[in-house]
Amino acid sequence: MEVFTKERLLQVHERISPYIHETPILTSRLINEIADCSIYFKCENFQKMGAFKMRGATNAILQLSQEDQKKGVVTHSSGNFAQALSLAAKSLGITAYIVMPSSAPQVKKDAVKTYGGIIIECPPTLKNREETAQKIVEEKGATFVHPSNDIEVILGQGTAALELLQKQPHLDLVITPVGGGGLIGGTALAVNLFAKSAKTIGAEPFEVDDAYRSLISGTIETNQSTNTIADGLKTQLGDQNFPIIQKHVEEIIRVTEEEIKNALKLIWERMKIIVEPSSAVALAAVLKEPAKFKNKQIGVIISGGNVDFNQIQL
């Protein structure tokens, strides 16, 4: 396993800082009262393109040689990473090829186009996505950047927790939603390196609890269903982030769809900010197990705010 140091993560933060927002940390007195603890929300819904993924995408591109940057980058994604890589590439003046399933919502395709990404559509299976991306690598010489299973992406995502800990160094726990594992992997590294005694906890829907099962079995598990409102959490862990999660994540708490919806409404109504359902999973976990969090200082990473209102049923 790679050696990760404070210096390395600080260098990543310095590298990407000109291209990202340092997002605000918000609190809610009412939510603190309900949860019986002090929660500090790191609001990546205010990040450029509306999600934490801008951090990892930017770092991955900046780590390429100038020669490789000229040939462009490619990823397959129908969600936030498609937008993140497109905008990061545009900010740096390079080409981004985005492989998207034909079934991707038009609103997501439009967002990628707005950020300058070149969309290549393919049938909606993982095999087709991977094969199409590989074809672009071979034809264009572009570098493939995985949305979550890439060390430079993982380190970039960890800078959100780094910023949180720089402002709130005495946190007891930091909790993030778990999808592909990039955010929780990066967060766990940042917490391990920079927090005095804090631990990292993951939050996951019961409907897509592959990470919860993976920690128990010791191997990367897959999901049989993806029937969750938290559409950003349907992906699975990879061989780059799983060892980090195994080593540095304390536990993963699973929550029901109803608990996610209740947490989402609470954030919208009480904090007056728009967050996507995946973001609410972390707060749902805190509310689910009050004894675990009682009287503690909790950091919650709000992963993003890209809500497709045509799809959401509350």
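Side-chain atoms are counted along with the backbone in the values below, which use heavy atoms only and exclude waters and symmetry mates. Residues: numbered from 1 along the sequence shown.
- With sequence neighbours left out, Q106 forms a side-chain hydrogen bond (donor to acceptor under 3.5 Å, both in side chains) with D110.
- In this view, T125 and N128 satisfy the side-chain hydrogen bond (donor to acceptor under 3.5 Å, both in side chains) rule, not counting sequence neighbours.
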Can you give me every donor-acceptor pair (side chain of residues 81-101, partner residue at least two apart or in another chain, under 3.5 Å) with its distance?
{"from": "S86", "atom 1": "OG", "to": "A82", "atom 2": "O", "distance (Å)": "2.7"}
{"from": "S91", "atom 1": "OG", "to": "L87", "atom 2": "O", "distance (Å)": "2.8"}

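- Q166 pairs by the side-chain hydrogen bond (donor to acceptor under 3.5 Å, both in side chains) definition with nothing, not counting sequence neighbours.
- Remark: S197 pairs with no residue by the side chain to side chain contact (heavy atoms under 4.5 Å, CB included) rule, at least two apart or across chains.
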For a quick test of your reading: what N or O donor-acceptor pairs under 3.5 Å do the side chains of residues 236-246 make, sequence neighbours left out?
{"from": "D239", "atom 1": "OD1", "to": "N149", "atom 2": "ND2", "distance (Å)": "2.7"}
{"from": "N241", "atom 1": "OD1", "to": "G238", "atom 2": "N", "distance (Å)": "3.1"}
{"from": "N241", "atom 1": "ND2", "to": "S148", "atom 2": "O", "distance (Å)": "3.1"}
{"from": "N241", "atom 1": "ND2", "to": "G180", "atom 2": "O", "distance (Å)": "2.9"}

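- Among residue pairs with one or both ends in residues 140-162, those qualifying as salt bridge (charged side-chain N to carboxylate O under 4.0 Å, His left out) are R8-E152; sequence neighbours excluded.
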Under 3.5 Å donor-acceptor pairs involving side-chain atoms of residues 42-51, not counting sequence neighbours:
{"from": "K42", "atom 1": "NZ", "to": "T23", "atom 2": "O", "distance (Å)": "2.8"}
{"from": "K42", "atom 1": "NZ", "to": "T23", "atom 2": "OG1", "distance (Å)": "3.1"}
{"from": "K42", "atom 1": "NZ", "to": "E163", "atom 2": "OE1", "distance (Å)": "2.7"}
{"from": "E44", "atom 1": "OE1", "to": "Q47", "atom 2": "NE2", "distance (Å)": "3.2"}
{"from": "E44", "atom 1": "OE1", "to": "R55", "atom 2": "NE", "distance (Å)": "2.7"}
{"from": "E44", "atom 1": "OE2", "to": "T23", "atom 2": "OG1", "distance (Å)": "2.5"}
{"from": "E44", "atom 1": "OE2", "to": "R55", "atom 2": "NE", "distance (Å)": "3.4"}
{"from": "E44", "atom 1": "OE2", "to": "R55", "atom 2": "NH2", "distance (Å)": "2.8"}
{"from": "N45", "atom 1": "ND2", "to": "I274", "atom 2": "O", "distance (Å)": "3.3"}
{"from": "Q47", "atom 1": "OE1", "to": "H21", "atom 2": "N", "distance (Å)": "2.8"}
{"from": "Q47", "atom 1": "NE2", "to": "H21", "atom 2": "O", "distance (Å)": "3.0"}
{"from": "K48", "atom 1": "NZ", "to": "Y19", "atom 2": "O", "distance (Å)": "3.3"}

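- Screening residues 284-302 for side chain to side chain donor-acceptor pair (under 3.5 Å) gives D36-K294, Y40-Q297, E251-K292, E259-K288, E289-K292 as the qualifying pairs, with residues at least two apart or on separate chains.
- Within the structure, salt bridge (charged side-chain N to carboxylate O under 4.0 Å, His left out) contacts touching residues 128-138 (residues at least two apart or in different chains) are K127-E131.
- Partners of D231 under the side chain to side chain contact (heavy atoms under 4.5 Å, CB included) rule, at least two apart in sequence or in another chain, are K108, K234, S278.
- Taking the side-chain hydrogen bond (donor to acceptor under 3.5 Å, both in side chains) definition, one finds that T187 meets it with nothing, sequence neighbours left out.
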